[in-house]
Amino acid sequence: MKINKKAALHNLGCKVNAYETEAMQQILENAGYEIVPFTEYADVYVVNTCSVTNMADRKSRQMLHKAKKMNPDAIVVGAGCYVQTKEAEALLDDTVDIVIGNNKKHELLSMLEAYENDHGKCGNVIDINHEKQEYEEMFLERTAEHTRAFIKVQDGCNQFCSYCIIPFARGRVRSRNSEDVIREVKRLAEHGFREIVLTGIHLSSYGVDTGDNLLHLIREVHNVDGIERIRLGSLEPRIVTDGFAAALAGLPKICPHFHLSLQSGCDATLQRMNRRYDTREYEEGCQILRKYFDHPAITTDVIVGFPGETEEEFAVTKEYLKRIHFYEMHIFQYSKREGTKAAVMEHQVPEPVKKERSNILLALEKKMSEEFREYYVGKQVTALMEEAYEFEGETYFTGYTKEYVKIAVKSAADLSNQFVKGTIRGRLTDDIYLMVEF
């Protein structure tokens with residue numbers, strides 16, 4: 001029987017959260033709910049929250065309050081990392097009717113039914129850090145993306161970096177059965193998706209709990225007909241060995257686009273962060289990738305203003321980043337996270353200093369990114385096209401190369417989800433390059 005109700009969902013945070021939000025939307029759709037934009041009137045609002053920073057907590061609370069304002073009679077569901085780490089706070093919040101922690105999102109429908117039957121606030125937040133958990137199986141048949149699909153294959157983290165709350169919010173490493181991954185990838189391929197992105201909370205740890213490993217999973221995905229590109233989510237530097245890189249280079253569907261998490265280019269800072277590598281190991285990983293791939297796109301994350309980061313340490317990081325020469329860097333100003341070791345460390349860096357250092361690295365990032373993309377001017381590339389784009393009265397279609405360089409082709413035709421070959425002529429905008437078909 002069709003449910004004559006409307007539901008709206010809002011996602012905060014990472015690609016794993018985005019995957020889970022789409023999976024919850026599919027659960028509601030299959031149950032007969034009409035999905036509407038979050039800005040519209042709905043009977044049920046689901047906010048998949050984030051807790052990576054204090055600001056993420058604040059945004060999560062704001063979105064939950066916004067939902068209740070739009071319809072005071074609606075059922076407001078708070079799910080995910082914020083409610084996992086702040087369960088008591090969420091349960092006391094009058095705007096939240098249902099609280100669902102991590103590893104329990106698949107129970108959304110039964111929680112809604114229980115609330116409607118009892119009309120009392122209910123929650124399902126397990127002690128994710130002390131109870132042994134199995135991987136929470138959720139499936140997608142389609143995604144909001146037009147050409148690529150993000151596939152969650154792993155959850156949890158065992159690293160406990162001194163600045164990070166995520167191991168407490170997500171629990172220990174749990175890997176998805178490779179057969180379930182392949183079944184989902186095949187289903188998405190049948191729906192026309194040609195590019196798959198494998199993602200997880202700590203993707204490099206895939207299989208450590210099951211006796212499997214990431215390379216085996218990649219090979220299995222590579223065998224799926226219809227999938228023509230495979231990208232990888234964030235990797236830890238230590239996974240990049242000669243054997244790993246050589247194996248990937250032998251798989252033609254692999255995109256030479258690697259996000260290697262760094263956080264700092266100074267060994268003393270990395271040690272305080274409790275990262276499990278040093279700058280020498282990291283640089284070796286980058287060299288290995290450049291040995292097996294021609295001009296690979298290497299991207300990273302950097303935290304500025306970590307407790308104890310002196311001007312000298314920051315200078316060391318800046319010079320290190322120049323030497324590695326990344327395609328893109330995501331620059332974050334360190335934010336205290338209650339419950340982490342770094343939050344109580346001495347020598348906290350003043351906010352104005354963090355901002356200044358961030359601006360310096362953002363300028364460096366812009367320069368290096370331009371230099372990386374300029375390499376392709378005059379070269380022939382293949383792009384998977386995604387969407388139309390209007391520029392100065394002309395119609396273009398934009399897409400991405402394997403290295404994730406954004407290009408545009410002048411075309412009034414719908415080129416979405418098609419591969420186009422051509423020569424890059426130069427820049428169209430600051431971050432889009434013009435490609436002429438041949």
Side-chain angles (χ1 to χ4, degrees), residues 1-13 16-38 40-51 57 60-141 152 155-156 168-171 174 180:
M1 182 181 295
K2 181 174 175 58
I3 297 175
N4 189 26
K5 291 182 180 178
K6 296 180 179 181
L9 299 92
H10 183 79
N11 181 68
L12 292 159
V16 170
N17 255 23
Y19 174 92
E20 292 169 346
T21 301
E22 290 193 307
M24 286 191 287
Q25 175 175 320
Q26 198 163 289
I27 288 170
L28 292 170
E29 284 179 319
N30 291 341
Y33 282 85
E34 177 189 350
I35 305 301
V36 298
F38 195 79
E40 293 185 8
Y41 177 95
D43 301 289
V44 174
Y45 292 93
V46 179
V47 180
N48 199 12
T49 62
C50 179
S51 192
D57 277 0
S60 296
R61 290 191 295 269
Q62 287 172 349
M63 294 311 297
L64 290 164
H65 293 177
K66 180 179 179 181
K68 189 59 94 173
K69 272 188 180 177
M70 286 188 288
N71 179 9
D73 296 324
I75 302 173
V76 176
V77 181
C81 292
Y82 162 66
V83 300
Q84 179 70 48
T85 57
K86 298 288 181 66
E87 178 187 6
E89 183 177 296
L91 287 170
L92 289 172
D93 191 332
D94 290 338
T95 63
V96 185
D97 301 304
I98 298 175
V99 173
I100 305 179
N102 287 322
N103 235 42
K104 289 294 181 180
K105 295 173 185 175
H106 65 286
E107 297 183 8
L108 174 60
L109 274 185
S110 61
M111 296 284 290
L112 285 169
E113 290 171 4
Y115 177 85
E116 289 174 329
N117 289 335
D118 298 337
H119 290 284
K121 176 171 289 201
C122 56
N124 194 347
V125 179
I126 56 174
D127 185 353
I128 205 165
N129 288 287
H130 296 100
E131 297 178 19
K132 181 174 173 56
Q133 300 297 320
E134 300 296 326
Y135 181 86
E136 180 183 21
E137 194 58 62
M138 302 176 88
F139 283 92
L140 285 183
E141 293 184 356
K152 177 188 169 188
D155 207 339
F168 301 99
R170 287 279 179 174
R174 304 179 299 284
D180 291 333

Shortest non-hydrogen contact between A90 and V99, atoms and distance: CB-CG2, 4.0 Å
Ring geometry between F38 and H10 (parallel below 30°, tilted from 30 to 60°, perpendicular above 60°): tilted
Sub-4.5 Å side-chain heavy-atom contact between L9 and N48: no
Salt bridge flag under 4.0 Å for residues R61 and E89: yes
Nearest heavy atoms of A79 and M24, plus distance in Å: CB-CE, 4.4 Å
Expected output: side-chain K68 to main-chain A74 donor-acceptor under 3.5 Å: yes
Separation of N17 CG from E22 CD (nearest 0.5 Å): 11.5 Å
Side chain proximity check, Y82 to L64, heavy atoms < 4.5 angstrom: yes
For I75, all residues meeting side chain to side chain contact (heavy atoms under 4.5 Å, CB included), sequence neighbours excluded: V44, V77, D97, I98, L112, Y115, E116
Heavy-atom closest contact (N103 atom, E134 atom, distance): ND2-O, 2.9 Å
Side-chain touch D93/H65, heavy atoms, less than 4.5 angstrom: yes
side-chain hydrogen bond (donor to acceptor under 3.5 Å, both in side chains): pairs with one or both residues in residues 23-32, sequence neighbours excluded: E29-R142
Set of side chain to side chain donor-acceptor pair (under 3.5 Å) partners for D43, sequence neighbours left out: none
Donor-acceptor pair, side chain of D155 and main chain of R174, under 3.5 angstrom: no
Side chain to side chain donor-acceptor pair (under 3.5 Å) against S60, all qualifying residues, sequence neighbours excluded: none
Over all atoms of both residues, closest heavy-atom pair of V83 and I100: CG2-O, 3.4 Å
Expected output: side-chain N71 to main-chain Y41 donor-acceptor under 3.5 Å: no
Contacts of Y135 that satisfy ring-ring contact (aromatic ring centres under 6.0 Å, His included) - sequence neighbours left out: none
From NZ (K105) to OG1 (T21), nearest 0.5 Å: 6.5 Å
D57 side chain reached by T49 side chain, heavy atoms, under 4.5 Å: no
Presence of salt bridge, E87 and K104, under 4.0 angstrom: no
Atom of A67, atom of V76 and distance for their closest heavy-atom approach: CB-CG2, 4.1 Å
Note, K152 side chain near M138 side chain (heavy atom, < 4.5 Å): no
Minimum heavy-atom distance between Q84 and A169, given as atom pair plus value: CG-O, 3.2 Å
Counterpart residues, side chain to side chain donor-acceptor pair (under 3.5 Å), relative to Y19 (two or more places apart): R176, E184
E113 CD to E107 CD distance, which is reported to the nearest 0.5 Å: 11.5 Å
Close side-chain approach of Y33 and L109, heavy atoms under 4.5 Å: yes
